[in-house]
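Beneath this line is the structure, given in structure tokens, with notes to follow.
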Number of protein chains: 2
Amino acid sequence: MRLSAKGEYGVRAMVYLALNYENGPVPLRAISQSENISQHFLEQIFAILRREGLIKSTRGAKGGYTLAHLPQHVYVGDIIRALEGPLFPVDCLSEDGQADKNRRCNKTEDCLVRNVWEKLREHIDNLLDNISLQDMLDWSIENKKAEYEKVR
Amino acid sequence: MRLSAKGEYGVRAMVYLALNYENGPVPLRAISQSENISQHFLEQIFAILRREGLIKSTRGAKGGYTLAHLPQHVYVGDIIRALEGPLFPVDCLSEDGQADKNRRCNKTEDCLVRNVWEKLREHIDNLLDNISLQDMLDWSIENKKAEYEKVR
DNA sequence: TAAATCCCGAGTAAATTACTCCGAATTATC
DNA sequence: GATAATTCGGAGTAATTTACTCGGGATTTA
């Protein structure tokens, strides 16, 4: 039950894009260096994010990536789901019938546990779908303000 | 971001023990057959649950496993954490300083994302620590009642 | 003594993860 | 038009994790 590097890096990178939202396209090299993430790996992550419509790319020199929407309209949930698939999947919960049926929970009629997984997924989705990149930037400012007040 | 079979099976098995709480020790074979889970694999899962004090074992013929506490005092969070380790770990969040430091988020002073992971873990913990095995059994009864009302 | 169980540790095939490597296409700038 | 900076795409791969299997020993009941 952990977040993979893809998801973790993806969110970090998206925050970086949010910070530079006004400055035109950001090249991967910059993110890679600043966040200390392999550039090749980032390329793969960004390919996904682009396919999912979360970022826009500009090719060629002076090119790079930009958020496809305002930071207040990009949610952590979108990023993570794009990169990791549905959150908290327990196979018996998969909507698309892709579940590995001969391996898991065949008693679908009366599965006592299913409710728990459903609740859990709802909670996680709900939380992450209510945190925008802008929120994260704002928290940071608040924290800094608080730090400052404390010092004074 | 998914629950492993260990966690999933573990919860299913514990629900089974809750259902049979009054009937004395339940042998693995019964659970294995009823829940369609490999018995050897269950042994490993139960070894962990026992070490964590969630179940008690009785050896020998007519032996088996019993919940160590009343179903209303065993929480899903305990089961899953026992089997899967801390929920939603992002390495930069690990309390024990075990984090793979040269790989991830070295900017610990000012990590914008950390807050999100922390909130998320709190939420998940909080949810799962408030669902007891008894709750799950009760829900099932309620569902059945509702079904019944609907039919009537 | 025999059968039923838990207990323990080693081994392993398959899947997943976290990348690397290569080269092509596109664009800006000189 | 050449060069450099970038995105784009796919293939490959080493390490790790997962989901088990296998074998045998210890304990208890009948």
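Numbers restart at 1 for each chain; the letters A, B, ... are given by sequence-line order, proteins then strands. Predicted model only: the values in this text are computed from it and were never measured.
- Below 30°, between 30° and 60°, or above 60°: for A/W117 and A/F88 the angle between ring planes is between 30° and 60°, a tilted geometry.
- In this structure, the CD1 atom of A/I37 is 15 Å from the C1' atom of C/dT17, given to the nearest Å.
- The base of C/dC8 is paired with the side chain of B/E43 by a donor and an acceptor separated by under 3.5 Å.
- Atom-to-atom, CZ of B/R12 to P of D/dA19 comes out at 13 Å; the value is rounded to the nearest Å.
- The distance between atom CD of B/Q39 and atom C1' of C/dC7, rounded to the nearest whole Å, is 12 Å.
- With DNA chain C read from its 5' end, the first of the two nearest nucleotides for A/F41 and B/V26 is the one closest to B/V26.
- Among C/dA18, D/dT7, C/dC22, the nucleotide with an atom closest to any side-chain atom of A/R2 is C/dA18.
- Taking CG of A/L128 as the start and OH of A/Y75 as the end, the distance is 12.5 Å to the nearest 0.5 Å.
- Remark on DNA chain C: of its neighbouring residues B/K62 and B/R51, the 5'-side contact belongs to B/K62, judged by nearest-heavy-atom nucleotide.
- Counting non-hydrogen atoms under 4.0 angstrom, B/Y65 reaches the backbone sugars and phosphates but no base.
- When the P atom of C/dT5 is taken as reference, atom CD of B/Q33 falls 10 Å away, rounded to whole Å.
- Although no hydrogens or angles enter the test, the distance criterion places no donor-acceptor pair under 3.5 Å between the side chain of B/Q72 and the main chain of B/Q134.
- Both A/G63 and A/R50 lie near DNA chain D, and the one whose nearest nucleotide falls closer to the 5' end is A/G63.
- Closest contact between the side chain of B/H40 and the listed nucleotides D/dG23, C/dT5, D/dA5 involves D/dG23.
- Side-chain nitrogen and oxygen atoms of A/S4 include at least one within less than 4.0 Å of the OP1 or OP2 phosphate oxygen of C/dA18.
- Here CD of B/E84 is found 4.5 Å from CG of B/L3. Values are rounded to the nearest 0.5 Å.
- B/R29 places its CZ atom 14 Å from the P atom of C/dA3, with the value rounded to the nearest Å.
- Of the two residues near DNA chain D, A/M1 and B/S38, the one whose nearest nucleotide lies more 5' is A/M1.
- Heavy atoms only, all atoms of each residue included: B/A68 and B/G53 are closest at CB-O, 3.4 Å.
- Side-chain nitrogen and oxygen atoms of B/T58 include none within less than 4.0 Å of the OP1 or OP2 phosphate oxygen of C/dT5.
- In this entry the distance linking CZ of B/F46 with P of C/dC6 reads 9 Å, nearest Å.
- Side chain of A/S32 to backbone of A/I37: a donor-acceptor contact under 3.5 angstrom is found.
- As a whole-Å value, the separation of A/I45 CD1 from C/dC19 C1' is 10 Å.
- Residue B/A61 has its side chain nearest to C/dA4 when only C/dT20, C/dA4, C/dT27 are considered.
- Side chain B/Q44 to base D/dT21: a donor-acceptor pair is found below 3.5 Å.
- For the pair B/I48 CD1 and C/dG9 C1', the interatomic distance rounds to 14 Å; values are reported in whole Å.
- Set against D/dG9, C/dA18, D/dT7, the side chain of A/R59 has D/dT7 as its closest nucleotide.
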